[in-house]
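To find a chain, count down the sequence lines: A is the first, B the second, and so on, and within it residues start at 1. Any value given below was found using the heavy atoms of this structure, including those in side chains, with hydrogens, waters and symmetry copies removed.
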Amino acid sequence: MSLRQLQETLRERVRAAANETFGVTLEQISAEVPPRTELGDLAFPVAFELAKLIKQTTGEKRPPRAIAEQLKTALEALPQISRVEVAGAGYLNIFYDRAALLSSLVANSEAGTASLSAATNARPKRMVEHTSINPNKAAHIGHVRNSVIGDTFVRILRAAGETVEVQNYIDNTGVQVADVVVGFMHIERMTLEDIRALDNSLPPERPFDYYCWDLYTRVGLFYRNDDPGGELDPERLKLRAETLHAIEAGDNPTATLADYVATRNVECILDTMERLGIRYDVLPREYEILHLHFWDKAFERMKETGALHYQTEGRNKGCWVMPFESHTGTDDHEADKIIVRSNGTVTYTGKDIAYQLWKLGLLGLDFNYKLFRTYSDGQKTWITTTEPQADSETTDSRPQFGGGATVYNVIDSRQSYPQDIVRRGVAAVAPEIGEEASVHLAYEMVALSPAACEELGIRLSAEDRARPHIEMSGRKGLGVKADDLINRLEINALSEVEARHPEITDEERRQTAHQIAVGALRYFLLKFTRNTVIAFDFKEALSFEGETGPYCQYAAVRANAIFRKLDDAAKVSATEIINNASDSESAQRQEVARVLEGESGDEIWSLAVLAAKLDEAIKQSAAAAEPAVLAKYTFNLARAFNLFYHRHRIIAEEDATRRAVLVSVADITRRQLTAALSALGIEVPERM
RNA sequence: GCUCCCGUAGCUCAGUGGAUAGAGCAUCUGCCUUCUAAGCAGAGGGUCGCUGGUUCGAGUCCAGCCGGGGGUACCA
């Protein structure tokens, strides 16, 4: 029996006892963890609630403590419970039978971690879209927050048994791509062949996406005739509009050039993400959404269902709009959201509604697909295309994309208004699905502290210096590039590993440094809750000490070191002793119970219980769609283990029963810690 | 104007209506002959922005105010 099952059983007991004893039906029974282990493993503050309900129904006033006393006996009857105490003003504190439970935790430990990662195919498919970086420049740390939150959420869902499809939307026909194309064509005066040659000549440390990063900022200046404070030049802006139009139309030299630029940037961005262990199932592109007429189909359905209104007069005359009454219109801002412009073209939000309908299997159209990338372990990423695949073999071997039951869009919180429109648009077309199927997984941006800007050599205005943080901007070239930061982390980690482990090979050291760097970066981005603005700080991001990924990895490495050095006889003996303790009549049961008694027993037991709560943490993290919950849990487990590790000399322990208990608790902990880190996308190195 | 988010230790942040509000960093003091100190222990540090309300119980819920940030495009 897992802790969660035991907790459910107890809850049902409380419900039944309340009903029998007081004739009161409790709806929600909250349980909590007492502040200290010596107060018990679980507490029900249910007597307070009951006192109120009894007074309401019978008018009789009963003290909570007396109520708790009456419930106590009903819970004590359970075999997994050693005793129940009434404490404080009326808390019902439950003490588990430690020896029995430890024995079953060890038995479940291997099976338990295995079932965590096994997906149950019966569940409906969840769709997660994340990353979705405009393919016109290198990824910066703000983009990486998106990807790491998205990827970790995917891992958490999978750990909770869900089936998940991962999408990375590619806006290959948008203004941002057009801008870089303007740069290549009108500033650099390059042809497609020139760009190819340039691309091949670039050094690995400054690849194509870095080149585009710089070029993109130059385009911004170009539009202002190279004066940062100057006016936008309408003649030059016309180049942008023409370029954008050509890219959208397709089948012309500008579009071919743009496709090369966008595709190369996608490749670079995927390389960056691969460094962090982030991959995708499919890359849906805007070009296919346009050319396979997704919008036309969605438009039809939205007109049929009355989701859109045609405006015959007023400011929005000639437009198709979606009413939006939660905002009040003013002189400056219209209440309704325009979906189709008066010139007949569709807005981005409109295209997004069509895409969302496809994700939910409600559009009645599908993309064509081709293979984009095969990873070294055989995993494949597909990309959309307008042409049907000729090769039927590849078509057969690819998964079915789209048609999910729930869609999670990882998009920063500044886009919550258009996301709201998308959700409502979908619900209007498909009321049977409703708004619940569309989830905007919003997160706040990563901003730069004025100090971090200074460190990057960026000059700030006096006004900016007074601000709490400065928004990153691809347009201004203002940001910390992801690869630069990963490189710095790897260099720092490598010098530590070199100092600590001269005995291992260069390749092993590089691998270890890489794992540490990824652990540091992913944990840094996950420890903040989604709605916290991260004011990026180099010192904090580059740290390997305190509440960091490497701290958690280090705890797991230490735990593994015990088992590398522990001899086989001790392992076998530990397993036997704890196994035998499952029998309530056995001598081992009494001995194990003795080890888990008292202050020292509390300390050991609290680690076992915390480790056993991984599935709870995963479930809670998934339900709240908040990876930070799991990150905090993982850190707390690592912290508890480090304390345990410091207090006990496990291998040298002479009392066989005590050693068996310590070994099994360490074993459960390292398994759970490794599983928790894995759900955060963090690996455990061999050595640190 | 309307709307969403934030305000908790010097700093950065956690905190499903429950017991004495917690971490990390920074400061100070100890601990490497140990299963590796990327670690552990200890100390100092709090009017949970303010004022009311609901509740047996409020950092958490409600209302109002004060301060900060976002959104509210026929941009994406």
Side-chain angles (χ1 to χ4, degrees), chain A residues 30-32 34-36 39 43 45 47-49 51-52 55 63-64 87-91 93 134 171 174-176 286 315-316 318-321 324 326-335 337-349 351-352 412-418 420 442 444-445 447 449 467-469 471 493 496-497 500-501 516 520 527-529 531-535 537 539-540 543-548 550-551 553-555 557-566 620 623-624 628-629 631-632 635-636 639 642-643 645-652 666 687-688:
Chain A
S30 61
E32 54 178 287
R36 291 183 308 278
L39 288 173
F48 305 114
E49 170 106 22
K52 184 166 60 182
K55 196 179 156 201
Y91 287 95
N93 289 350
N134 272 303
D171 185 4
V175 175
Q176 294 211 19
E286 187 180 43
R315 195 208 308 255
N316 294 337
C319 298
W320 288 86
V321 305
F324 201 86
S326 81
H327 286 60
T328 311
T330 63
D331 290 349
D332 294 333
H333 305 292
E334 202 58 50
K337 171 65 190 169
I338 291 165
I339 303 296
V340 179
R341 304 181 185 106
S342 55
N343 66 5
T345 58
V346 59
T347 60
Y348 186 88
T349 309
K351 283 180 271 191
D352 225 10
D412 86 78
S413 57
R414 285 170 292 189
Q415 305 225 36
S416 57
Y417 173 67
D420 209 12
E444 285 289 344
M445 64 180 166
S449 64
R467 296 167 70 87
H469 41 72
E471 189 178 343
E496 282 293 322
V497 176
R500 288 156 199 256
H501 296 287
I516 292 168
K527 72 179 192 180
F528 301 94
T529 52
N531 62 8
T532 299
V533 177
I534 299 180
D537 178 73
K539 185 175 162 288
E540 211 183 333
S543 172
F544 297 151
E545 287 165 19
E547 194 194 340
T548 65
Y551 175 96
Q553 291 171 306
Y554 187 62
V557 167
R558 283 176 137 183
N560 287 334
I562 297 170
F563 289 87
R564 210 167 33 233
K565 299 207 173 164
L566 188 68
Q620 201 189 337
V629 169
K632 291 284 174 195
F635 171 66
N636 283 327
R639 209 160 53 94
N642 272 334
L643 174 57
Y645 180 90
H646 182 256
R647 283 197 187 159
H648 307 284
R649 263 166 251 166
I650 296 158
I651 293 175
R687 280 163 223 282
M688 276 179 79

message = Whether A:Asp537 and A:Lys539 form a salt bridge (side-chain N of Lys/Arg under 4.0 Å from carboxylate O of Asp/Glu) is what I want to check.
response =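 The answer is no: the pair does not qualify as a salt bridge.
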
key: Electrostatic pair A:Lys632:A:Glu547 at N-O distance under 4.0 angstrom   = yes

What nucleic acid atoms does [X] come within less than 4.0 Å of, heavy atoms only: base, sugar-phosphate, or nothing?
X        : answer
A:Phe544 : base
A:Gln176 : nothing
A:Ala51  : nothing
A:Asp171 : sugar-phosphate
A:Val340 : nothing
A:Val497 : base
A:Arg500 : base
A:Thr349 : nothing

In whole angstrom, give me the gap between the [atom1] atoms of [N] and [M].
N      : M      : atom1 : result
B:rG59 : B:rU16 : P     : 13 Å
B:rC4  : B:rA41 : C1'   : 45 Å
B:rG49 : B:rU33 : P     : 47 Å
B:rC28 : B:rU60 : C1'   : 34 Å
B:rG7  : B:rU51 : C1'   : 16 Å
B:rG44 : B:rA21 : P     : 15 Å
B:rC5  : B:rG64 : P     : 14 Å
B:rA19 : B:rU36 : P     : 40 Å

task = Let me have RNA chain B in dot-bracket notation, would you? Count Watson-Crick plus G-U wobble pairs, both distances under 3.5 Å, and use [ ] for pairs crossing earlier ones and | for inter-strand partners.
result = (((((((..((((....[...)))).(((((.......))))).....(((((..]....))))))))))))....

Between [N] atom [atom2] and [X] atom [atom1], what is the distance in whole Å?
X        : N      : atom1 : atom2 : value
A:Arg467 : B:rG67 : CZ    : P     : 17 Å
A:Glu496 : B:rU36 : CD    : C1'   : 13 Å
A:Leu643 : B:rC31 : CG    : C1'   : 14 Å
A:Lys52  : B:rG57 : NZ    : C1'   : 10 Å
A:Arg647 : B:rA41 : CZ    : P     : 7 Å
A:Arg558 : B:rG39 : CZ    : P     : 8 Å
A:Met445 : B:rG70 : CE    : C1'   : 7 Å
A:Asp352 : B:rC75 : CG    : P     : 15 Å

query = At what distance, to the nearest 0.5 angstrom, does CG of A:Asp420 lie from CD of A:Gln415?
reply =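 Output value for this atom pair is 12.5 Å.
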
[X] side chain: which of [options] is closest?
X        : options                : result
A:Tyr645 : B:rA76, B:rA37, B:rC13 : B:rA37
A:Tyr554 : B:rG71, B:rA37, B:rA14 : B:rA37
A:Asn316 : B:rC74, B:rA76, B:rG39 : B:rC74
A:Arg414 : B:rG70, B:rG39, B:rA14 : B:rG70
A:Arg341 : B:rA76, B:rC40, B:rU12 : B:rA76
A:Tyr348 : B:rG69, B:rU36, B:rA76 : B:rA76

request  = By nearest nucleotide on RNA chain B, pick out whichever of A:Lys55 and A:Ile534 is the more 5' one.
outcome  = A:Ile534

inquiry  = Go nucleotide by nucleotide along RNA chain B from the 5' end; which of A:Arg649 and A:Tyr551 gets its closest nucleotide reached first?
reply    = A:Arg649

message = Looking at A:Thr532, I'd like to know whether one of its side-chain N or O atoms comes within less than 4.0 Å of OP1 or OP2 on B:rA14.
response = yes

request  = Mind telling me if B:rC5 is syn or anti? Syn here is a glycosidic angle within 90° of 0.
outcome  =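 B:rC5: anti.
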
key: Results of side-chain contact (heavy atoms from CB on, under 4.5 Å) for A:Asp171 - residues two or more places apart only   = A:Asn134, A:Tyr169, A:Thr173, A:Glu286, A:Tyr348

request  = Only counting residues at least two apart or in another chain, list the ones meeting side-chain contact (heavy atoms from CB on, under 4.5 Å) with A:Ser30.
outcome  = A:Pro45

Would you list the protein and nucleotides 4-10 of chain B atom pairs, both N or O, that sit under 3.5 Å from each other?
from  : atom 1 : to       : atom 2 : distance (Å)
B:rC6 : OP1    : A:Asn531 : ND2    : 3.4

Of all residues at least two apart in sequence or in a different chain, which pass the salt bridge (Lys or Arg N to Asp or Glu O under 4.0 Å) check with [X]?
X        : result
A:Glu540 : A:Lys527
A:Glu496 : A:Arg500
A:Glu545 : none

Using the side chain to side chain donor-acceptor pair (under 3.5 Å) criterion, which residues pair with [X]? Sequence neighbours excluded.
X        : answer
A:Arg647 : none
A:His646 : none
A:Tyr551 : A:Asn642
A:Thr349 : none

ask   = Under 3.5 Å, side chain of A:Asn93 to main-chain N/O of A:Leu39, donor-acceptor pair present?
value =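 Side chain of A:Asn93 to backbone of A:Leu39, a donor-acceptor pair under 3.5 Å: yes, one is there.
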
ask   = Any side-chain donor paired with an acceptor under 3.5 Å for A:Ser413 and A:Ser416?
value =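 Side-chain D/A pair, A:Ser413 to A:Ser416: absent.
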
query = Tell me, do A:Val340 and A:Thr347 make a side-chain contact under 4.5 Å, heavy atoms counted?
reply = no

note = Once base and sugar-phosphate atoms are separated, protein heavy atoms under 4.0 Å mark nucleotides 15-29 of chain B, 5' to 3', with B, S and - as SB-BBB--SSS----

